[in-house]
Number of protein chains: 2
Amino acid sequence: MSESLRIVPQPMRRQVEEGLRAAIVNGRFAPGEHLPDRVLCDLFGASRSVVREAVRLLEAEGLVTVQPNRGPFVAHLSVQEAAQVYDVRGVLEALAGESFARHATDDERAELRAVWEDLARRGPTADREQLLSIKRRFYDVLLAGARNAYVARMLDQLLNRNMQLRATSLSDPGRLPWTIKELKRVVDAIDRRDPDETFVACREHVQRAADVALRLLATPPGRRDAEVRP
Amino acid sequence: MSESLRIVPQPMRRQVEEGLRAAIVNGRFAPGEHLPDRVLCDLFGASRSVVREAVRLLEAEGLVTVQPNRGPFVAHLSVQEAAQVYDVRGVLEALAGESFARHATDDERAELRAVWEDLARRGPTADREQLLSIKRRFYDVLLAGARNAYVARMLDQLLNRNMQLRATSLSDPGRLPWTIKELKRVVDAIDRRDPDETFVACREHVQRAADVALRLLATPPGRRDAEVRP
DNA sequence: ATTGTCAGATTGACTGACGATCGATTATAG
DNA sequence: CTATAATCGATCGTCAGTCAATCTGACAAT
């Protein structure tokens, strides 16, 4: 996998695009909020053309919706829509896992297991940031070994949408042990070169995560127990 | 399902966007072809801003790739990428089918079967255009009943990519009988309210279609038999 | 044959401008 | 006092023109 060494200066448009995406995903802009291009212009110090082009991209990704003659709004993610997103994510991750089980090299399998062991060992004492980083690594290794750029692209988009959710409301406090167990099943299935089992293990993992997240979303954000039973 | 009757004049940008998409999907622009701003401007009679925004959308959809400082090119779909697209399509359609089996109303189930019967009866004598129309209808009914706007969106994008394939090279001449049989399995599973069976039936259907299409793609477009065994 | 240079073309980005449209506010009529 | 109508400001959609940076291809020089 040789990378091109070419340096290519990030165009202004990319910066706006990524900045705006980050702002939305991290919840700095509330869902439903209006984003007139004027304010985006002086927020990023860019001209209207660049801002509008960037907005188009995010529109296609589903992070903003553009109402005719009213401009861009931060996309609103209802509970039903969130459930749909999780459904799609489930099958896509399942496909990625299945594909990994089929095509990954031995090194990649070993690395995936290493990341999982990292999660199991350091996870319980890690803070949110580190935890997210480890999980992110797990996905990166998985997608790299899956040999399917398409599913990677789509999952990226979906994860952005999900992170929007996560930022606005919920975290998964008590779920870590279950996450570890569920992912172990994935890793084991992969080591056994069992694509079918990997598929259902991945899908079930996402399903569990969805159940918890959606339950949290459904309960109005007032009294919210620490206990979360999967 | 009441639609808003409000007429909203399609903005220029949409027209460019759809026109360009259609042109690419129908193969009027060859894969890899360069699309300078200038050309698109006088082709659609629009200004550069409009054209560039439209191009951004298609970029996010994956129909065009933009090389820095070189501009937009019609996306090229290699055989491996095509296989990946089919893989993704497989799980998404499977999810749609499964979801339909779970959530569709009786009317929707009946309609789906009606469309299938239409295909089985009129299919063998229909021309390409009619055939595509019936299949399209099948998908529309399926997606409507699946109650998942997300999967519908993504499948739309994927179908565009696939149609690009189809336009450039292949049709599926002898496959119709198998298509009918495979879809019957889907419809039957749905009538039995068996989501799992529907899932695998859908996925297998796409897999079969992929096998044929990819085999055609792999053989250099010279001597190409009429016979296609699935 | 490789390297260097230059002109033309194209992109990336910015600016200023114009009418059209929407939302809200105000004014008017009943 | 309510309800409709007129008004107005903000924003969008679109265009045209400018400028610098970069790429392409051709031509010249080593």
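Just so it is clear, the structure is predicted and the values come from calculations on it, not from any experiment.
Checking B/E81 against B/S78 by side-chain atom types alone, a donor-acceptor pair falls below 3.5 Å.
The aromatic rings of A/F199 and B/F199 sit perpendicular to each other, their planes meeting at more than 60°, with 30° as the lower class boundary.
The CD-P distance, from A/E33 to D/dT11, rounds to 13 Å in whole Å. Atom CZ of A/F73 and atom P of D/dA10 are 17 Å apart (whole Å).
Formation of a donor-acceptor pair under 3.5 Å by the A/H34 side chain with backbone atoms of A/R70 is found in this model. Side chain of A/N26 to backbone of A/A22: a donor-acceptor contact under 3.5 angstrom is found.
Checked options A/R56, A/R161, A/R21; the residue passing with A/E61 is A/R21 (criterion: salt bridge (Lys or Arg N to Asp or Glu O under 4.0 Å)).
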(message) Return a single string for nucleotides 12-19 of chain D, one symbol per nucleotide in 5' to 3' order, where B is base contact, S is sugar-phosphate-only contact and - is none, cutoff 4.0 angstrom on heavy atoms.
(response) SBBB----
